[in-house]
Amino acid sequence: MENCGIGYQNVILSAVLSADSFTDQLPVTNLVSPQGNAAYAWRAEATTSALTVALAQREAIRVISLHRTNLTAQASWRIVVSSSGDVLYDVTQPMAVVAGQAVHVLPEALQCDSVVITIADPGNPDGYLSIPLSYVGPLWQPVRNFSTDSTSGFNLGTDEVTALSGAEFPQMRWIQRNASIAHQSYGSAETAILREIQRVAARGENILFIPDPSSQPQNEAIFGRLSGGDISNPYGSADRRSWTFTQTERL
């Protein structure tokens, strides 16, 4: 098991984005929107399409992820990471989509200026690809892992109608995953990064949290709003800092 990872430097927001298929109303530039609703998505008119993320300068890339998509369990992708035209990483594999999200963690961070993601989902019953959210960027991992006191759960949007007889008719509108991550052993040198993560989150940008990057990260990863508490020093002179934050999936 690897230590948890936090992705807070999403190069999607500053890169030049292009795709070989999109609709006029739902262009690929919609990926810079923080909203996960399909109305703000990039929609490819076909069930196979390539997304190119071109960077102005070389950046460290460790994670490529897609969220809130309409992709099916049969979808696959090819990821090509390049620097000045030289291919550094090239892999084709099933996306293993879980609840509309796919996450790929590279073995190590690569300094690159181009990432091309080719998505193929020929059996998609919608006849198109809908990709509202994406993260491409580095993954910060603390020296020590989070506490077993951490919890995860759901926020539920449910309308309840109760008949005169007492019969209940719940209508599910939305379901949103969340996690409360307690970490009691950050090093003091890591607090500067924690503060920067909170600054990014305060701007309304989505943060990617992966509990275990080494084991099927698409199962547990949450991409969305982060709300952090105070950084504390409950252990006196020990090089340990405590910080708890709440991660909420962006809908």
Side-chain angles (χ1 to χ4, degrees), residues 2-15 17 29-37 40-41 53 55 59-69 99-103 105 109 131-147 149-155 157 174-213 217-218 220-234 240-251:
E2 282 190 38
N3 289 355
C4 64
I6 299 177
Y8 65 98
Q9 298 167 298
N10 193 355
V11 303
I12 286 282
L13 303 181
S14 59
L17 305 178
T29 51
N30 275 0
L31 288 176
V32 304
S33 167
Q35 306 299 335
N37 190 289
Y40 298 92
V53 182
L55 310 178
E59 303 274 2
I61 302 299
R62 177 89 193 280
V63 181
I64 295 96
S65 65
L66 307 174
H67 307 269
R68 306 296 300 172
T69 74
Q101 74 176 6
V103 182
V105 181
I131 315 292
L133 296 172
S134 178
Y135 178 85
V136 177
L139 186 69
W140 177 71
Q141 294 176 274
V143 174
R144 294 179 288 270
N145 212 357
F146 62 92
S147 170
D149 290 339
S150 301
T151 61
S152 62
F154 298 94
N155 298 324
W174 49 266
I175 183 169
Q176 182 182 50
R177 295 179 303 136
N178 63 64
S180 178
I181 305 300
H183 198 305
Q184 300 168 354
S185 194
Y186 289 108
S188 57
E190 296 178 308
T191 58
I193 296 175
L194 301 182
R195 294 189 184 99
E196 181 59 25
I197 290 171
Q198 294 197 76
R199 290 188 187 99
V200 172
R203 296 198 296 263
E205 296 181 19
N206 293 319
I207 306 293
L208 177 64
F209 176 71
I210 306 178
D212 181 6
Q218 68 277 4
E220 302 295 336
I222 297 179
F223 187 60
R225 300 294 304 277
L226 181 149
S227 177
D230 293 338
I231 300 170
S232 63
N233 181 20
R240 295 175 61 188
R241 301 293 184 269
S242 177
W243 183 52
T244 296
F245 66 89
T246 299
Q247 182 79 12
T248 306
E249 184 179 24
R250 197 65 176 264
L251 300 181

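Proximity of Tyr135 to Asn206: side-chain heavy atoms (C-beta onward) are nowhere separated by under 4.5 Å. Using a 4.5 Å heavy-atom cutoff, the side chains of Ser227 and Arg225 are not in contact. Using a 4.5 Å heavy-atom threshold, the side chains of Glu59 and Gln9 count as separate. Annotation: side chain of Gln184 is in contact with side chain of Asp149 (closest heavy-atom distance under 4.5 Å). For the pair Pro132 and Asn37, the minimum side-chain heavy-atom distance is 4.5 Å or more. A heavy-atom distance below 4.5 Å is found between the side chains of Arg68 and Glu249. When side chains are defined from C-beta on, Ile12 counts as touching Val53, because their heavy atoms get closer than 4.5 Å. A 4.5 Å side-chain heavy-atom check between Tyr8 and Ile193 finds at least one atom pair inside the cut-off.
For the pair Arg177 (side chain) and Ala221 (backbone), a donor-acceptor distance under 3.5 Å is present. Between the side chain of Asn145 and the backbone N or O of Cys4, at least one donor-acceptor pair lies under 3.5 Å. Side chain of Gln141 to main chain of Glu2: no donor-acceptor pair is present (N/O by atom type, distance under 3.5 Å, no hydrogens or angles). Counting only distance, with no hydrogens or angles, the side chain of Ser232 and the backbone of Pro234 share no donor-acceptor pair below 3.5 Å. Looking only at distances, a side-chain donor or acceptor of Asn10 sits under 3.5 Å from a matching main-chain atom of Val136. Here the side chain of Thr69 pairs a donor or acceptor atom with the backbone of Gly100 at under 3.5 angstrom.
With respect to Ile231, the side chain to side chain contact (heavy atoms under 4.5 Å, CB included) criterion is satisfied by exactly one of His183, Gln198, Glu190: Gln198. In summary, of the residues considered (Asn155, Thr248, Thr246), a side-chain hydrogen bond (donor to acceptor under 3.5 Å, both in side chains) with Asn178 occurs for Asn155 alone.
Annotation for Ser150 and Ala182: closest pair OG-N, 2.9 Å, computed over non-hydrogen atoms. When every heavy atom of Val32 is checked against every heavy atom of Leu13, the shortest pair comes out as O-CD2, 3.7 Å. The two residues Trp243 and Gly229 come nearest to each other via the heavy atoms NE1-O, 2.9 Å. Across all their heavy atoms, Pro217 and Ile210 have their closest contact at CB-CG2, 3.7 Å. Nearest heavy atom pair, residue Ser65 against residue Leu208, reads OG-CD2, 4.0 Å. Annotation for Ala15 and Leu55: closest pair CB-CD2, 3.6 Å, computed over non-hydrogen atoms.
Atom NE2 of His67 sits about 11.0 Å away from atom CG of Leu31, to the nearest 0.5 Å. Atoms CZ and CG, from Phe223 and Leu133 in turn, are 5.5 Å apart once rounded to the nearest 0.5 Å. Distance check: Phe146 CZ to Tyr186 OH gives 9.5 Å after rounding to the nearest 0.5 Å. Atom-to-atom distance recorded for Ile207:CD1 and Phe245:CZ is 9.5 Å, nearest 0.5 angstrom. Taking CH2 of Trp140 as the start and CD of Glu196 as the end, the distance is 12.0 Å to the nearest 0.5 Å. With rounding to the nearest 0.5 angstrom, the CG atom of Asn30 is 13.0 Å from the OG atom of Ser134.
At most 12 non-hydrogen atoms from other residues, nucleotides or ligands lie less than 6.0 angstrom from CD of Glu220.
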